[in-house]
Protein chains: 2
Amino acid sequence: MVEELKKSSRRAGTTGVRKSRYILEEQIGFVLRQVTQRHVVIFGSLMPSGITPTQFSVVNMLDRLGHCSQNQLGRLVSMDAATVKGVIDRLSAKGITQTEQDQNDARQLLVSLTAEGRVLAAECQKAAIKISDETLAPLTTAERKRLLTLLKKVA
Amino acid sequence: MVEELKKSSRRAGTTGVRKSRYILEEQIGFVLRQVTQRHVVIFGSLMPSGITPTQFSVVNMLDRLGHCSQNQLGRLVSMDAATVKGVIDRLSAKGITQTEQDQNDARQLLVSLTAEGRVLAAECQKAAIKISDETLAPLTTAERKRLLTLLKKVA
DNA sequence: CGTCATTCATTTGTATACGAACAATACTGG
DNA sequence: CCAGTATTGTTCGTATACAAATGAATGACG
């Protein structure tokens, strides 16, 4: 069955034209999903306290900001308002974040880390460095830089 | 608030050491998520019949294989058995795929495209080519090749 | 000042995504 | 042939992810 695939990958035809065929496994979307999968596995094995990639982004951003409205936070970490709400709910349930109503704007919900959350943020960052490194382990330093540069161009 | 971020990006210290700080937005995981987000938006705008990226992978693979057991199919498109089940259920509900019990192995569920599914697969592939192109639009041909090569190394 | 567009947060619905536990079936070595 | 192991598909629970609809509050502007 896998043989089947390889064979079909080679029947380009003998006309000189070579109409570059479509190969799913070579498409940016497909590879992107695979890379993300590997990264998530590494993340799960190195990040403590069951913190997920999404949760870490929020925690790290809050650690930098101190406090922030929920929507604004979402924009900073590239998350939908609905997604952020779920993340904050779960983090707050774990005692990592806390929320309060903004005094100046009754619509806004101010989010911040708890004392416990700030301690965790520091541990997480240490793990995060290892995680990025492990994810990029197959590449040289120059390649890592090149990959990040290219990815940022298509983000 | 955004200013806050930029400022903090520059307080590396005046000792010559420069302990390369951790910047969330420069991490492979974070950028990967952003790139995927943009790709999914493009995908949604160009793919017909509300076919999702995941569903397309399955449809495209089945179009190549003819038929395949559900688990094997999952392996070929890098999807969990539980995930594939959901995808096939939804595709079958839409009349795009069909399943039958394997005669030789009572455990296996053979999955294949319906006649309708085969027609759709052809349309989808045309769209998929545009989608990959649009996603990589910010890059030159050489850069696209480089990016794919690097991504495949870390997949 | 009041209306109207905007912003904020929430809720609902759909689709991934995967670990873990399970039952049914197949295979393998003795 | 049979006990133990492996494979296949299913189900459940949890966590993203986002569109769309909604209600409350704010801001702009005539």
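These numbers come from a predicted model, not from an experiment. Values below: every heavy atom of this structure, side chains too, minus hydrogens, waters and symmetry copies. Every chain is numbered from 1 and lettered A, B, ... according to where its sequence line falls, protein lines coming before strand lines.
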Asker: Residues two or more places apart in sequence or in another chain: which of them pass side-chain hydrogen bond (donor to acceptor under 3.5 Å, both in side chains) with B/S112?
Answerer: B/Q98
Asker: Does A/E25 pair with B/K152 as a salt bridge, N-O distance under 4.0 Å?
Answerer: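 A salt bridge is absent here (no side-chain N lies under 4.0 Å from a carboxylate O).
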Asker: Pick the closest DNA chain C nucleotide for B/Q103 and for A/Q37 by heavy atoms, then say which residue is nearer the 5' end.
Answerer: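 The residue closer to the strand's 5' end, by nearest nucleotide, is A/Q37.
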Asker: Just wondering, do B/V111 and B/L91 contact through their side chains at under 4.5 Å, heavy atoms?
Answerer: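 B/L91 vs B/V111: side chains apart.
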Asker: Can you check side chain to side chain contact (heavy atoms under 4.5 Å, CB included) on B/L120 and B/I51, steps first, answer last?
Answerer: CA-CA 10 Å; B/L120 186 64; B/I51 298 295; 3.8 Å; yes
Asker: Going 5' to 3' along nucleotides 4-15 of chain C, which nucleotides have protein heavy atoms under 4.0 Å from the base (write B), which only from the sugar-phosphate (write S), and which from neither (write -)?
Answerer: ---BBSBB---S
Asker: I'd like to know if the side chain of B/S45 and the backbone of B/I42 have a donor-acceptor N/O pair within less than 3.5 Å.
Answerer: yes
Asker: Measure from the side-chain N and O atoms of B/R33 to the backbone N and O of A/P53, and report whether any donor-acceptor pair falls under 3.5 Å.
Answerer: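 The answer is no, because no donor-acceptor pair under 3.5 Å joins these two groups.
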Asker: In whole angstrom, give the distance that lies between atom CE of A/M79 and atom P of D/dT16.
Answerer: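 Result: 8 Å.
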Asker: Take atom CD1 of B/I88 and atom P of D/dG9, then tell me their distance rounded to the nearest Å.
Answerer: 10 Å
Asker: Using whole Å, what does the distance between atom P of nucleotide D/dT16 and atom CD of B/Q34 come to?
Answerer: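 Spelled out: CD on B/Q34 to P on D/dT16 is 17 Å.
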Asker: Measure from CZ on A/R33 to C1' on C/dT16 and round the result to the nearest Å.
Answerer: 10 Å
